[in-house]
S.K.: 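Submitted below is the structure of interest, expressed as structure tokens.
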2 protein chains.
Amino acid sequence: MNKLINISEASSIAIHSLSLIAKLDQSINATQIANLTGFSKNHLSKILQLLVKHDYLKSSRGPKGGFVLIKDPKEISLLEIYELIEGAHSDNYCFDHSPVCPFQDCIYGDIIQDISMRFIDAFKKRTIADIKLKQNISYQSILEKLNR
Amino acid sequence: MNKLINISEASSIAIHSLSLIAKLDQSINATQIANLTGFSKNHLSKILQLLVKHDYLKSSRGPKGGFVLIKDPKEISLLEIYELIEGAHSDNYCFDHSPVCPFQDCIYGDIIQDISMRFIDAFKKRTIADIKLKQNISYQSILEKLNR
DNA sequence: ACAAAAAAAGTATTAGAGTACTTAATAGTA
DNA sequence: TACTATTAAGTACTCTAATACTTTTTTTGT
């Protein structure tokens, strides 16, 4: 199944992981995050490395190691994470092929600009702190899972 | 530059080509379309083949060969071409990894559904006939270019 | 010091899009 | 009727980005 919007598994992992880590006041390791979210541990690890390198997370190695958040989740927008992973994006859908495109305006009409704008707006406003755990999933129940 | 919306060069070629062919009452070949639009002739040819196979175009080989439209352009929506090329799309951005995702609702909020709906609506309404040539580009001037 | 755990770094595989090349069909011409 | 040029159709290759896997390094508890 093709996706209309380009959101790679990589950015999905980044946003999920940050949200989860933000809810905890102790460190959590890659295996635990993978178990809780269902992403592959390998891929997840790679993304977490990136988030460490960009100063969203602090990592510690060895037994009892793991990751903690070192930024205020209210200050982390989905957009900045999305762009960190996917790179900056453009809403120019002319493929730069034709110096003399014979068509008036963009053949797609205004829709591309319209929805790009909406997406960016929404992802700029929404922060990691806005993402909530299910109500029946308590901090307690997560900790229990971690220790299995 | 990454694109927010998944529109491959392939669907762009399909929509551009159909629109151009729709404006002509004589056949036009792949080289000519490539010259007018700036797409690579190779890629373009491949896409035109697909459109022939799906009964949007009729092709003829040999000298004076080329392509003509065999459907009413008012009846061809951008959506059907888009989906023909890209495949059916899904707006499920849960990557199907976790049977027990710990998050409430979708972490992205409602934005994905919202803009998917807008996109589909717009692409369903807009047809090949709606795509206009630039005002200063006449049928005549296209024909001139064709014969260079 | 040693062994186990964990992150980090490096390597390999895969899938899809786009490209290049080859084959088959057609029309004009002599 | 055969020859040649032209054009679409078909096939095979390449390149890249995303994801998966493996090895190395660091750390901690005994």
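Bear in mind that the values here come from a model prediction, so they are computed numbers and not experimental data. Residue numbers start from 1 in every chain, and the chains themselves are labelled A, B, ... in the order their sequence lines are given, proteins ahead of strands.
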S.K.: Rounded to whole Å, please give me the gap between NZ in B/Lys41 and P in C/dG18.
M.R.: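 Atom-to-atom, B/Lys41 to C/dG18, this comes out as 18 Å.
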S.K.: Can you find a heavy atom in the side chain of B/Leu133 that is under 4.5 Å from one in the side chain of A/Gln104?
M.R.: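 The answer is no, as the side chains (C-beta and beyond) never meet within the 4.5 Å cut-off.
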S.K.: Strictly by salt bridge (charged side-chain N to carboxylate O under 4.0 Å, His left out), give each pair with a member in residues 77-90 of chain B just once, sequence neighbours left out.
M.R.: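 The answer is none; no pair qualifies.
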S.K.: Starting from P on D/dT7, measure out to CG on B/Asn35 and report it in whole angstrom.
M.R.: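 Rounded to the whole Å, the gap is 11 Å.
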S.K.: Which residue, B/Leu69, B/Ile70, B/Val68, forms the side chain to side chain contact (heavy atoms under 4.5 Å, CB included) with B/Leu57?
M.R.: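 Result for side chain to side chain contact (heavy atoms under 4.5 Å, CB included) with B/Leu57: B/Leu69.
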S.K.: What is the nucleic acid contact for B/Asn42, judged by heavy atoms within less than 4.0 Å: base, sugar-phosphate only, or nothing?
M.R.: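 Base contact - B/Asn42 has a heavy atom under 4.0 Å of at least one base atom.
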S.K.: When the distance from NZ of A/Lys64 to C1' of D/dT30 is rounded to whole Å, what number comes out?
M.R.: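 It works out to 14 Å between those atoms.
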S.K.: Taking atom CD1 of B/Ile47 and atom NE2 of B/His16, what is their separation to the nearest 0.5 Å?
M.R.: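 Answer rounded to 0.5 Å: 13.0 Å.
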S.K.: Name the residue closer to the 5' end of DNA chain C, choosing between B/Ser11 and A/Phe67 according to the nucleotide with the nearest heavy atom.
M.R.: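 By nearest-heavy-atom nucleotide position, the 5'-most residue is A/Phe67.
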S.K.: Without decimals, in angstroms, what is the distance between A/Gln26 CD and C/dA6 C1'?
M.R.: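 In whole Å, C/dA6 C1' lies 16 Å from A/Gln26 CD.
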S.K.: Between atom CD1 of B/Ile131 and atom CD1 of B/Ile15, what is the distance when rounded to the nearest 0.5 Å?
M.R.: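 Taking CD1 in B/Ile131 and CD1 in B/Ile15, the distance rounds to 6.5 Å.
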S.K.: Measure CD/A/Glu9 against P/C/dT14 and give the value in whole Å, please.
M.R.: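 So the two atoms are 17 Å apart, to the nearest Å.
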S.K.: Measure from the side chain of B/Lys46, starting at C-beta and using heavy atoms only, and say which of D/dT19, C/dT19, D/dA9 lies closest.
M.R.: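 When the side chain of B/Lys46 is considered, C/dT19 is the closest of D/dT19, C/dT19, D/dA9.
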S.K.: Take atom NZ of B/Lys3 and atom P of D/dA18, then tell me their distance rounded to the nearest Å.
M.R.: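 Roughly 14 Å, once rounded to whole Å.
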S.K.: Rounded to whole Å, please give me the gap between CZ in A/Phe39 and P in D/dA18.
M.R.: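 Distance check: A/Phe39 CZ to D/dA18 P gives 16 Å.
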S.K.: CG of B/Asn29 versus P of D/dT6: gap in Å, rounded?
M.R.: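 Rounded to the whole Å, the gap is 11 Å.
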S.K.: Is the phosphate of D/dA20 approached by A/Ser40 (side-chain N or O, under 4.0 Å from OP1 or OP2)?
M.R.: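 Looking at the OP1 and OP2 atoms of D/dA20, one of them is under 4.0 Å from a side-chain N or O of A/Ser40.
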S.K.: Looking at DNA chain D, which of residues 47-63 of chain B put a heavy atom within less than 4.0 Å of it?
M.R.: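 Going residue by residue through residues 47-63 of chain B, the ones with a heavy atom under 4.0 Å of DNA chain D turn out to be B/Gln49, B/Val52, B/Ser59, B/Ser60, B/Arg61, B/Gly62, B/Pro63.
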S.K.: For residues B/Tyr56 and B/Leu84, determine if any side-chain heavy atom of one lies less than 4.5 Å from a side-chain heavy atom of the other.
M.R.: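 Yes; the side chains approach each other to less than 4.5 Å.
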S.K.: Could you label the plane-to-plane angle of the A/Phe123 and B/Tyr108 rings as parallel, tilted or perpendicular, counting under 30° as parallel and over 60° as perpendicular?
M.R.: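 Parallel, since the angle between the ring planes stays under 30°.
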